[in-house]
Every structure is written in structure tokens, then in C-alpha cells.
Amino acid sequence: MSFPSKVWFVTGSASGLRRSIPEVRLLNLMAIVMTFSIPVIYTFAADTPLLLEPHQLIVDHSLPREEADTQIIAARRYDTFWNSGDETLARASLAPNFVDNTLPAGRPQGIAGPLAASRLMRLAIPDLRCEIEQMIVAGDRVVTHLRFRGHFTGRFGQIQGQGQTINFIATDIYRVADGRIAENWHIEDNLTLQQELGLIPK
């Protein structure tokens with residue numbers, strides 16, 4: 001997202017031609033309109049500077065602005081939880097009755113599930129980080145395409161990491177209600193992750 005590096009306001013003459021006061025005012029107004037109409041900028045809550053920003057944000061512009069903003073901030077809080085491990089962000093972004101619709105075997109349902117998964121991942125990959133490569137907002141859904149990176153220096157079950165590079169993707173579909181994620185459908189590239197952890201051969 002970039003802005004024009006300079007906006008020229010015409011206040012005197014240009015190319016040797018004198019401008020009338022109405023012309024100057026019109027040109028100045030056009031410059032202001034150009035500056036603030038491109039691109040569309042979304043503003044969020046006070047914690048926004050601390051949250052991950054999507055590399056690409058695609059929003060259904062038929063959504064009311066406030067509704068889109070609310071959904072985006074809920075998704076960004078949850079995705080930042082995966083980046084940082086900060087459980088406060090998970091609790092702030094997930095509804096009290098949150099449902100994981102693609103619950104892996106052995107993971108508890110509800111908010112406890114992501115908290116347990118994050119702790120397990122960080123035991124194995126203490127420097128785990130993620131990026132939001134794409135975020136798509138339509139209706140009451142937010143789709144995020146995430147990339148996780150780190151190094152396997154901890155333990156995963158009985159396996160001790162040797163510093164292997166971790167780099168895999170995941171995609172989540174969130175249903176947002178009342179400013180929080182009420183449901184999630186997710187899929188991870190577990191084949192790549194298990195190969196990188198050494199659980200299965202490449």
C-alpha cells in the first residue's frame with residue numbers, strides 16, 4: 001500500500017499560465033481527493049500497531065465499513081496469537097462458545113484447543129512465527145492464508161529437534177459474530193510439517 005510521495009498544490013502560476021482563484025481552489029480540491037481516495041485505508045482499535053498485518057487484504061466492499069473493520073481486527077488478533085503465543089489475544093478474539101469444526105484428534109474443543117496446540121508447537125519450535133499472506137473478508141467470513149516459520153530446537157513427543165528449518169502453510173475460515181470468531185474451519189500442510197519434524201521421511 002503506497003501513497004503518492006508528493007502532492008502538488010497550485011498556488012501561483014504553472015507553465016507560465018496564471019490560474020484564477022476558483023481554478024486554484026478546484027485543483028487543490030482535486031489533489032486532496034486523489035490523496036485520500038486511493039487506496040482504501042482501514043483503521044482499527046488501539047492495539048492495531050501490535051498486530052500482524054496481512055500482506056494482501058481483499059474485502060467485499062458491499063460490507064458496511066464498521067462490520068468489515070470488526071471482522072478484520074478479530075482475525076488479526078487471532079493470527080497474531082499464533083505468531084506470538086500471547087494467550088490474551090486468543091481469548092480476546094474467540095467467542096466464549098467458540099467451535100472448532102475441524103478438530104484434530106486429541107485436541108479439546110473450544111478455546112482450550114488452540115491454547116493447547118500453541119503450547120505444544122512452541123515446545124517444539126520456540127521461535128515459531130507466522131505471517132498473514134492473504135486475508136479475504138466476505139459476509140460474516142474471514143479467510144486467512146498463513147505461513148509458519150521457525151526452527152525445531154525443542155522436543156516433539158520423544159523427538160529432540162536438531163535445529164531443522166520449519167516452513168509450512170495453513171488456511172483458516174473464520175465465522176465472526178459480535179466481533180469475535182465463533183467458528184473456525186482450518187487445514188494445515190501437516191505432511192510438510194511432519195517431514196520437517198522428522199516424523200516421516202521426505
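Bear in mind that the values here come from a model prediction, so they are computed numbers and not experimental data.
- Put simply, the side chain of R91 reaches to within 4.5 Å of the side chain of L115, judged on heavy atoms.
- Contacts of R119 classified as salt bridge (Lys or Arg N to Asp or Glu O under 4.0 Å), with partners at least two apart in sequence or in another chain: E87.
- Checked by atom type and distance alone, the side chain of S84 pairs as donor or acceptor with a backbone atom of T80 at under 3.5 Å.
- Remark: I159 pairs with F152, L199 by the side-chain contact (heavy atoms from CB on, under 4.5 Å) rule, at least two apart or across chains.
- Counted within 6.0 Å of CG on D178, heavy atoms from surrounding residues, nucleotides or ligands total 12 or fewer; the atom is thus considered open.
- Applying the side-chain contact (heavy atoms from CB on, under 4.5 Å) criterion to Q109, with sequence neighbours excluded, gives V99, D100, L103.
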*Could you walk me through whether L89 and L50 pass the side-chain contact (heavy atoms from CB on, under 4.5 Å) check?*
CA-CA 11 Å; L89 287 169; L50 306 176; over 6 Å; no
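- For D189, the side chain to side chain donor-acceptor pair (under 3.5 Å) criterion is met by T192, not counting sequence neighbours.
- Ring geometry for Y78 against W82 counts as perpendicular: the plane angle is over 60°, on a 0 to 90° scale with 30° as the lower cut.
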*Carefully, step by step, assess Q56 and H145 under the rule side-chain contact (heavy atoms from CB on, under 4.5 Å).*
CA-CA 10 Å; Q56 185 175 18; H145 179 220; over 6 Å; no
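- Listed by first and then second residue, the salt bridge (charged side-chain N to carboxylate O under 4.0 Å, His left out) pairs that reach into residues 190-202 come to none, sequence neighbours excluded.
- The side-chain contact (heavy atoms from CB on, under 4.5 Å) test applied to P126 returns T153, not counting sequence neighbours.
- A112 is linked by a side-chain contact (heavy atoms from CB on, under 4.5 Å) to P108, counting only residues two or more places apart in sequence or in another chain.
- The side chain to side chain donor-acceptor pair (under 3.5 Å) search around D86 returns T88, not counting sequence neighbours.
- In terms of the salt bridge (Lys or Arg N to Asp or Glu O under 4.0 Å) criterion, R129 has no residue partners (sequence neighbours excluded).
- For R141, there are no side chain to side chain donor-acceptor pair (under 3.5 Å) partners at least two apart in sequence or on another chain.
- Between T165 and H151 there is a side-chain heavy-atom pair separated by less than 4.5 Å.
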Using residues 167-177 as the side-chain source, report each donor-acceptor pair under 3.5 Å to any protein atom, sequence neighbours left out, with the distance given to one decimal.
{"residue": "N167", "atom": "OD1", "partner": "R147", "partner atom": "NH1", "Å": "2.8"}
{"residue": "D172", "atom": "OD2", "partner": "N184", "partner atom": "ND2", "Å": "2.9"}
{"residue": "Y174", "atom": "OH", "partner": "D79", "partner atom": "OD1", "Å": "2.5"}
{"residue": "Y174", "atom": "OH", "partner": "T144", "partner atom": "OG1", "Å": "3.4"}
{"residue": "R175", "atom": "NE", "partner": "E183", "partner atom": "OE2", "Å": "2.5"}
{"residue": "R175", "atom": "NH2", "partner": "E183", "partner atom": "OE2", "Å": "3.2"}

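- Residue pairs meeting the salt bridge (charged side-chain N to carboxylate O under 4.0 Å, His left out) criterion with at least one member in residues 155-169: none, sequence neighbours excluded.
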